[in-house]
Each structure stands twice: as structure tokens, then as C-alpha cells.
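Indexing begins at 1, ligand by ligand and atom by atom, following the structure's order. Residue numbers run from 1 in the order of the sequence given.
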Amino acid sequence: MRTFKKSKKINAFLMKKQEAGMHIGFVPTMGALHEGHLSLIEQAKKYSDLVVCSIFVNPLQFNRKEDLVNYPKRIVEDTKLLEGAGCNCLFIPEVEEVYPQPPKIKFDFGSIGVGMEADYRPGHFNGVAAVIDRFFKILNPDFAFFGEKDFQQLAIVRWLVHSTHSATQIIPCNTKRYNSGLAMSSRNFRLNESELAIAAKIYQALSFALENKEILMPEEIISKCKSMLAIDFSVDYFQIADENTMLPLKSWSDSNHPRAFVAAYLNGIRLIDNLSLID
Ligand code: PAF
């Protein structure tokens, strides 16, 4: 695996590969890699001749300074995992490489940039869109792979590609879960064994939503799931929304693609997850 730290170097390297007819697959990450990320690499290998993974803890997308400071850093372990997974290139730039000038752009995402993560993490999606925009300009990938665990982020990235007329094709990838149902996440590194068991209740609440959608209204499910979770978590939101517009549903007839979304703190660690409510 080749490692690059400089934008110009990786840009020139990848341009040559594309000129030679190779297709580039890109997996952006913030490191602290787990099986979920490795499944993105697996997927990327199926679509592309050359797989690039970035590890960059993007300061622009953190609205709480302590989250940025506490974000797990495991570059040695990450490099080994990527090598084992068959990743071809690792891009680990410094902040100045990604943002030679601080980006000033303020995106207007419409309804997908309102509610849920957008409300609880002001500025977060602007930071995500800014970094993905920069990476796409530096790497010009043919494909980019995003996990459905961050479903609203996936919608934001699709919006970005559409609005910037980017040629990169976005490939959504299923959320990887432990047997308990808990979604894999870098934040799980900060949970102990008993907390990991409790964290699985998030998936139980999402499954309750799926199992009860024939008999309960969205509002009723939301209120029951919030009460279930409130025993162990401090809940930011439990929401049922259309997965394309992210608009909350009052009634099931409001959407053909309903999805349940949740964000909750377990002992100070913020966990998010979501589940399609179509069987
Ligand atoms: O999902 C993440 O890890 C980050 O938001 C991403 C897409 C790598 C952008 O920094």
C-alpha cells in the first residue's frame, strides 16, 4: 500500500492511473477503523481497479471541541487493517494540505440539511460537504463509498455531487452490525463491555419501530421508543422521516420510504443509527 501525505503528489499519481484506464474507488474515513470501514474497502475493490482510503479527522465537522480532541487516533492499527484488506493507497494529509485556505462556502442543503443531525450538530454537514468537496477535487474518484449508518450524511453527499455536477458516483453500503444488532462505529472504541451490551438497545428500539409500523402511528412509535431508550440513554432524537427528503412523517401515507433515525448519548458517548421501515 502506498501512503501519500501531499495533495499534489496523490493527485498526479491518480491522474496517471486514470489516464491508463484505471477506475479509482475512494473510501473517506476519519480513522479508528473497524469492520464497517473494511466492508467499504471490500465493496470498493469490487467496483474499482485502485482503492484509495483517506484518514483525516476533519476539524470543520466537529461542533464540540471535546469530540475533536477525544476522537480516537489509531494510525498504526489502521494502516495494518488497510494493508490486510487490500487497500492500494492511503491518503493522510495534514489540515493545511486539505484546506490551504479556510473554506468560506456555506451550503444550502434544503430539507435534508434540516432536522436530526443538522439540528443537534450545527455546522456539521457544512464541514462534511466542505471536506468531501475538497477530497473529490484532489482525488477525482470514479466511485466513492459511504455507509448507511450515517444516512443523513449520505443524503448530503449525494446532494453535493448533484449540485457540483461531480462525475463521482456515490455507492451506499449497508450498515455492519454486531450479532447484538449494535451498529459498528469508531465511537464504540470508547464503550466498555457492559456499555456495549446496553448500546444494542438502540437497535432494539429501531426494530420495535419496524415491527409495529402496521399497528402504531409514527408519533406513537416515536414516543414509545424515546421512553424505552430514556432508561439508559440521554436521547437527542428518535425520528421517523422520509429517507429521501428527511422530512418527518405525521402519517405512514406521507412516504413510500420511511426510515427510523436515532441519536442518543450513553455515558457521554453519542451514538447514532437508523433503519429502513420497509420489510
Ligand atoms: O463519516 C465519516 O467518517 C466522515 O464524516 C467523513 C465522510 C470521512 C468526512 O470527514
Side-chain angles (χ1 to χ4, degrees), residues 4 7 10 25-41 43-44 51-65 67-75 77-78 81-82 85 87 89-99 102-103 105 107 109 112-113 116-118 120-139 141 143-161 164 166 168-176 183-190 261 263 269-274:
F4 292 86
S7 304
I10 192 163
F26 174 44
V27 178
T29 82
M30 299 205 297
L33 303 182
H34 49 72
E35 273 183 56
H37 294 112
L38 300 184
S39 75
L40 300 183
I41 302 279
Q43 194 71 349
V51 176
V52 182
C53 176
S54 62
I55 295 181
F56 179 65
V57 182
N58 173 30
L60 294 191
Q61 70 185 76
F62 287 84
N63 54 319
R64 298 195 330 156
K65 207 167 180 236
D67 278 349
L68 174 61
V69 175
N70 291 328
Y71 205 84
K73 288 174 192 69
R74 302 159 60 97
I75 191 69
E77 293 91 333
D78 288 350
L81 285 173
L82 288 174
C87 178
C89 288
L90 170 60
F91 184 39
I92 34 171
E94 296 292 337
V95 172
E96 307 75 54
E97 274 304 305
V98 179
Y99 305 118
I105 192 161
F107 298 97
F109 304 113
I112 58 165
M116 302 192 284
E117 290 305 284
Y120 283 88
R121 304 183 68 187
H124 169 67
F125 286 135
N126 209 70
V128 170
V131 79
I132 296 300
D133 191 40
R134 282 295 298 143
F135 276 141
F136 282 7
K137 291 201 167 103
I138 297 167
L139 307 171
F143 306 101
F145 299 80
F146 290 84
E148 288 189 337
K149 187 176 92 65
D150 296 295
F151 203 90
Q152 203 173 2
Q153 165 172 284
L154 176 62
I156 293 287
V157 173
R158 282 181 162 139
W159 177 93
L160 178 75
V161 161
T164 58
S166 162
T168 302
Q169 196 182 325
I170 303 302
I171 313 291
C173 303
N174 290 339
T175 302
K176 282 288 263 186
M184 292 188 185
S185 161
S186 303
R187 291 179 189 231
N188 296 345
F189 285 119
R190 294 169 63 198
F261 297 84
I269 314 295
R270 190 169 187 275
L271 303 170
I272 68 168
D273 201 354
N274 65 84

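- Among protein heavy atoms, atom 5 (O) of ligand 1 sits closest to Q153 OE1, 2.7 Å.
- Residue contacts with ligand 1 for V157 are absent, since no atom lies close enough (heavy atoms, distance under 4.0 Å).
- Ring orientation note: the planes of F56 and F135 are nearly perpendicular, at an angle over 60° on the 30°/60° scale.
- Remark: E77 CD is packed, more than 12 non-hydrogen atoms of other residues, nucleotides or ligands lying under 6.0 Å away.
- Each of the atoms 9 (C), 10 (O) of ligand 1 lies under 4.0 Å from some heavy atom of V131.
- Closest to atom 3 (O) of ligand 1 among all protein heavy atoms lies M30 CG, 3.7 Å.
- Close approach of ligand 1 to Q61 is summarised as follows: ligand atoms under 4.0 Å from at least one heavy atom of the residue are 4 (C), 5 (O), 9 (C), 10 (O).
- Judged purely by distance below 3.5 Å, without hydrogens or angles, the side chains of E148 and T175 never pair a donor atom with an acceptor atom.
- Between F109 and F107, the two ring planes are parallel [angle under 30°; tilted spans 30° to 60°].
- Y99 and N58 share a side-chain donor-acceptor pair at under 3.5 Å.
- In summary, the atoms of ligand 1 found under 4.0 Å from a heavy atom of P28, numbered by their order in the structure, are 8 (C).
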